[in-house]
Amino acid sequence: MTLEDYLRQDAERYADKVAVVCDGRQMTYRELYAAVCERAATLPKGEVIAFRNSQDIDFLITYFAIHLAGSIAAPLEKDTPEARFQQIAKDLRANDGADILYTTGTTGRSKGVIISHRAIIADAENLIEGQGFSHDLVFIINGPLNHIGSLSKIWPVILTGATLYILEGMKDLSAFFQALDYPAAKIATFFVPATIRMLLQFSGDRLAAYARKLDFIESGAAPLPRADMLRLCQLLPHTRLYNTYASTETGIIATYNYNDGRCLEGCLGRPMSHSRITIADDGLIACQGDTLMSGYADDSASEAPTTILTSDVGYLDDEGMLHLVGRQNDTINVGGYKVAPTEVEAAAMSLPQVEDCICIAVSHPILGSALKLLVVMFEGVNLNKREMARSLNTLLETYKVPLLYEQVEAVRRTYNGKIDRKYYQQQDKISL
């Protein structure tokens, strides 16, 4: 069955159930499927159809209608410049996929990734199994629907006949809490770590008021500092809190409920039914299974991969759970020692006065490279470099403690909360 087969089934079984809510408007499954069929009748078959993310019900109608018409959906950023939009639309070629999703390009140029109908269903079943999506759930989507982080949450909702609640983003916190007030027994959502930190800083107590209603919260896209994990566990003791390992190329691979009493930092759980994980000799994570991409849009001659070797460094523990150490290209060599900047950043983020930070490499006349920490302090707090170095020395091995410190107003991040390391790596090397 395809996603649209499940949507038709929902329209038959749960005709009058609310399928989607957005901006004061809602549609039942009967209404949604009827709108999809009407739109599909106007679309061509066997083509790649590029369209902008409108972050609303119309996005869903267009997305499902493209599939139902027998074409391939290529959702793009809402603010994609017209010239680039037209160029992408012109260059895309028909293939056997269901979607072409574009990566953020944080570790290189943005690529169009081909996702098959089979992968969509496998991802959906992984999420249902791993996180407990159910028919009576309302899932709040607050991230861009043209990227897999949020788009993938549509899939298990449709398979279970649950309800979607779409928000424009998280800039308007009142809109988010209004969504939490929606009459439902169980609500779930997906956050990037930067959003979790914002909520903890400004609305932690308010979030705690929904502790019994929040069924689960998933985070992904970047590591979540343990201090934030512990705080969230404290505020939401009855809520399942998941860290998930996923990417556009690999699909949804593994997930871990860190509200298990152990709160293991860097742990991403066991691979789910449709996925397998191995660790290469150099420590890189390799993924297999039905969730893998079919290839890249600009390389249609290649066969679908059976294994994807990622750039993520990790290991499997005695329980078979995946632990993420960092990214291969992010490692900084300091006097012969290899340092994962994420470890330094996690230690710094555990300090109560630190709001955000990034660890970067700077030129050093003897060591070759040294560590520098760019730090965003909470309002009203000034950076004391000596005191911070002393604090980090109690948390890290000596060679991992940064040599230099600088207070900055903000750390540059991507739309999904990842530190934009490529931006910092492209800057001119800083000399001591």
Side-chain angles (χ1 to χ4, degrees), residues 1-7 63-64 67 72-75 95-104 107 111-133 139 141 143 145-160 162 188 190 216 218-222 242-257 267-280 284-297 299 302-312 314 316 320-324 416:
M1 291 177 67
T2 67
L3 194 61
E4 288 64 42
D5 289 329
Y6 282 100
L7 180 60
Y63 177 71
F64 293 135
H67 291 168
I72 301 100
N95 53 68
D96 293 331
D99 295 345
I100 295 178
L101 304 181
Y102 281 83
T103 62
T104 59
T107 57
K111 297 179 180 179
V113 177
I114 302 172
I115 311 295
S116 68
H117 287 283
R118 179 185 182 187
I120 286 175
I121 300 303
D123 281 325
E125 292 177 347
N126 270 359
L127 285 167
I128 292 168
E129 170 205 336
Q131 298 177 351
F133 278 75
F139 195 95
I141 288 181
L145 286 166
N146 56 296
H147 289 287
I148 196 167
S150 292
L151 183 65
S152 63
K153 305 310 176 294
I154 294 174
W155 306 335
V157 166
I158 297 302
L159 261 65
T160 56
F190 170 86
F216 67 88
E218 181 191 22
S219 64
Y242 293 104
N243 273 338
T244 297
Y245 186 66
S247 71
T248 314
E249 287 94 337
T250 64
I252 316 299
I253 299 295
T255 196
Y256 164 62
N257 174 21
C267 183
L268 295 159
R270 298 179 185 84
M272 292 174 274
S273 292
H274 292 289
S275 304
R276 294 178 297 281
I277 294 173
T278 56
I279 306 298
L284 294 180
I285 299 169
C287 301
Q288 297 176 322
D290 294 338
T291 65
L292 302 188
M293 68 173 182
S294 299
Y296 291 110
D299 189 21
S302 64
E303 295 183 0
T306 57
T307 301
I308 290 180
L309 185 65
T310 73
S311 296
D312 295 319
L316 294 169
M321 294 201 294
L322 176 66
H323 293 253
L324 187 64
N416 60 7

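These values consider heavy atoms only, across backbone and side chains, with no hydrogens, waters or symmetry-generated copies.
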>> Just to verify, what does Tyr256 make a side chain to side chain donor-acceptor pair (under 3.5 Å) with, not counting sequence neighbours?
In response: Asp260
> Got more than 12 heavy atoms from elsewhere within 6.0 Å of CZ, Arg118?
Replying inline: no
> Between Ser152 and Ile252, which heavy-atom pair has the shortest distance, and what is it?
Replying inline: OG-CD1, 3.9 Å
>> Quick check: closest heavy atoms across Met293 and Thr248, and the distance to 0.1 Å?
In response: CB-O, 4.5 Å
>> Minimum heavy-atom separation for Ile308 and Thr250, please, with both atom names.
In response: CG2-CG2, 4.0 Å
>> Is there a side-chain hydrogen bond (donor to acceptor under 3.5 Å, both in side chains) between Thr291 and Asn126? Walk through the geometry before answering.
In response: CA-CA 9 Å; Thr291 65; Asn126 270 359; 5.0 Å; no
> What is the minimum heavy-atom distance between Ile158 and Leu3, and which atoms define it?
Replying inline: CG2-O, 3.7 Å
>> Would you compute the distance between atom CG of Leu159 and atom CD of Glu125 and round it to the nearest 0.5 angstrom?
In response: 6.0 Å
> How far does OG1 of Thr310 sit from CD1 of Ile285, to the nearest 0.5 angstrom?
Replying inline: 5.0 Å
>> Between His147 (side chain only) and Tyr102 (backbone N and O only), is there a donor and an acceptor less than 3.5 Å apart?
In response: yes
> Does Phe64 have any ring pair (Phe, Tyr, Trp, His ring centres under 6.0 Å) partners at least two apart in sequence or in another chain, and if so, which?
Replying inline: none
> By side chain to side chain contact (heavy atoms under 4.5 Å, CB included), which residues pair with Leu151, not counting sequence neighbours?
Replying inline: Phe59, Tyr63, Asp99, Leu101, Ile154, Trp155
>> Test of understanding: with side chain to side chain donor-acceptor pair (under 3.5 Å), list the residues that count as partners of Asp312, not counting sequence neighbours.
In response: Tyr245, Arg327
> Is Thr103 reaching over with its side chain to a backbone N or O of Lys111, donor-acceptor style, under 3.5 angstrom?
Replying inline: yes
> At what distance, to the nearest 0.5 angstrom, does CD1 of Ile253 lie from OG of Ser247?
Replying inline: 7.0 Å
>> Test of understanding: with side chain to side chain donor-acceptor pair (under 3.5 Å), list the residues that count as partners of Thr255, not counting sequence neighbours.
In response: Gln131, Thr244
> CG/Leu292 to CZ/Arg276 distance, rounded to the nearest 0.5 angstrom?
Replying inline: 8.5 Å
> For Gly320 and Pro271, which heavy atoms make the closest approach, and how far apart are they?
Replying inline: O-CD, 3.9 Å
>> Please enumerate all residues that pass salt bridge (charged side-chain N to carboxylate O under 4.0 Å, His left out) together with Asp96, with sequence neighbours excluded.
In response: none
> Checking side-chain contact (heavy atoms from CB on, under 4.5 Å) for the pair His117/His67: CA distance, chi angles, key distance, verdict?
Replying inline: CA-CA 9 Å; His117 287 283; His67 291 168; 4.0 Å; yes
> Counting distance only, does the side-chain N/O of Ser275 pair as donor-acceptor with the main-chain N or O of Gln288 below 3.5 Å?
Replying inline: no
> Distance from Ile72 atom CD1 to Ile100 atom CD1, nearest 0.5 Å?
Replying inline: 6.5 Å
> Which heavy atom of Gly295 sits nearest a heavy atom of Pro305, and at what distance?
Replying inline: N-CD, 4.2 Å
> What distance separates Lys153 NZ from Leu127 CG, expressed to the nearest 0.5 Å?
Replying inline: 5.5 Å
> Centres of the Phe216 and Phe133 rings: under 6.0 Å?
Replying inline: yes
